[in-house]
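Structure, as structure tokens:
Whatever order the structure lists them in is the order used to number ligands and atoms, beginning at 1.
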Amino acid sequence: MIPFIRLELADESIELANNVLKSGQLAQGKYVDELEYKFAEYCGVSHAVAVSSGTAALHLALLALGIKEGDEVITTPFTFGSTASSILMCGARPVFVDIEEDTFLMNPELIEDKVTYRSGAIIPVDIFGRLADYDRINEFALDHDLKVVEDACQAVGAMSDGNRAGTFGDIGVFSLYATKNLCAGEGGIIVTDDERLADRFRILRNHGQAGRERYDYQELGYNYRLTDLSAAVALPQLETIEEMNQKRLENAEFYNEALAGINGLKLPGIDEKRSVFHLYTMRVTEEFRMNRDELKDHLAVEGIETAVYYPKPLHLYPLYRKFGYKEGDFPVAEKACAEVLSLPIHPLLKREDLEKVVQTISSI
Ligand SMILES: *Cc1c(COP(=O)(O)O)cnc(C)c1O
């Protein structure tokens with residue numbers, strides 16, 4: 001069986017986690033501080049604030065920008081649920097923009113149509129580990145006085161022109177969920193160069209205690225803190241993340257070469273921006289011998305686990321249909337959901353695993 005995701009923690013993670021357990025100090029502490037410091041350095045930003053999840057990170061990012069009831073936030077429907085539910089958490093309205101056919105990324109050309117006087121922010125998503133088109137999105141945001149929150153939950157370490165994922169908007173958000181390229185089980189990190197925003201995140205993650213004294217509740221805050229145990233698990237991974245991301249890229253290159261020319265499969269492109277291939281997602285089009293679901297089942301029988309990211313665009317779920325969205329609103333995202341299939345890409349795959357995947361697909 002070739003698993004879709006596999007993780008082997010380094011001894012150092014286990015050792016640090018042990019230190020936390022032995023110390024008896026299980027809440028936010030020195031390992032969270034160290035993770036924040038080292039993660040900021042890794043991303044090349046002034047501030048990193050650790051929180052309890054990527055979703056909490058998105059929520060606080062929008063809150064700190066002042067997004068509130070009556071506002072609109074522009075994002076893509078082809079993403080994980082909390083990219084958009086974080087908008088709902090602020091009482092604001094999610095306004096979706098369709099994606100590009102080839103990259104699955106938000107299509108910058110379509111943003112203009114969606115801007116109103118209520119628009120407050122854009123959340124582009126670096127989907128599957130690939131950076132969105134920030135040159136165009138930022139230019140547009142500047143012209144229309146919108147803030148940009150980069151959902152980099154899948155893209156830790158991705159790069160363009162020497163800049164890391166998370167640094168392309170006003171705020172970048174990351175997830176440390178168990179399956180992400182850098183993981184703690186649960187957790188998240190918010191990055192920014194704006195000290196005022198970073199201070200806001202620290203207050204909001206800690207019950208809104210804003211004063212020097214404890215229990216000085218000045219505004220509505222949350223308990224979105226990360227535990228030291230989680231930070232201990234994630235911290236040593238910063239030493240190996242480059243190597244792990246490089247393996248993912250090499251695995252993607254292997255697939256792209258070995259699966260090229262198979263009629264009906266559309267493989268993910270690799271461009272000059274460095275994708276970190278959180279997922280390797282191809283399209284199974286009408287011209288292929290099987291449809292997507294048949295191929296998925298066939299591979300499962302052959303012992304190869306695959307996954308569908310995402311089976312349905314967000315606007316077609318009841319939570320978002322309430323806003324009047326319906327089938328046909330975002331045709332590119334809808335078609336993608338019918339065709340996408342993600343192959344195992346994790347760094348622990350062996351050459352023979354990759355070959356088996358390729359052979360099984362080729363022989364169809
Ligand atoms: C994982 C993920 C999130 C949410 O992260 P959690 O840590 O699970 O809350 C948000 N957006 C995207 C694109 C993600 O992949």
Using ring pair (Phe, Tyr, Trp, His ring centres under 6.0 Å) as the criterion, point out the one residue from Tyr310, Phe78, Phe330, Phe323 that pairs with His315. Phe330

Show me the pairs that pass salt bridge (Lys or Arg N to Asp or Glu O under 4.0 Å) and involve residues 130-156, at least two apart or across chains. Glu109-Arg136, Arg130-Asp271, Asp133-Arg136

One pair per line, please: each N/O atom of ligand 1 matched with every protein N/O atom under 3.5 Å away, atom names first, then the distance to 0.1 Å.
unit_1	atom_1	unit_2	atom_2	d
ligand 1	5 (O)	Ser175	OG	3.3
ligand 1	7 (O)	Gly54	N	2.8
ligand 1	7 (O)	Ser175	OG	2.6
ligand 1	9 (O)	Gly54	N	3.4
ligand 1	9 (O)	Thr55	N	2.9
ligand 1	9 (O)	Thr55	OG1	2.5
ligand 1	11 (N)	Asp151	OD1	3.4
ligand 1	11 (N)	Asp151	OD2	2.9
ligand 1	15 (O)	Gln154	NE2	2.9
ligand 1	15 (O)	Lys180	NZ	3.0

Counterpart residues, salt bridge (Lys or Arg N to Asp or Glu O under 4.0 Å), relative to Arg289 (two or more places apart): none

Pairs in or reaching into residues 33-72: which pass ring pair (Phe, Tyr, Trp, His ring centres under 6.0 Å), with residues at least two apart or in two chains? Phe39-Phe174, His59-Tyr222, His59-Tyr224

Ignoring hydrogens and geometry beyond distance, is a side-chain donor-acceptor pair present between Glu253 and Asn251 at under 3.5 Å? no

Can you see whether Phe96 has Lys114 sitting over its ring - NZ or CZ less than 6.0 Å from the centre and within 45° of the normal? no

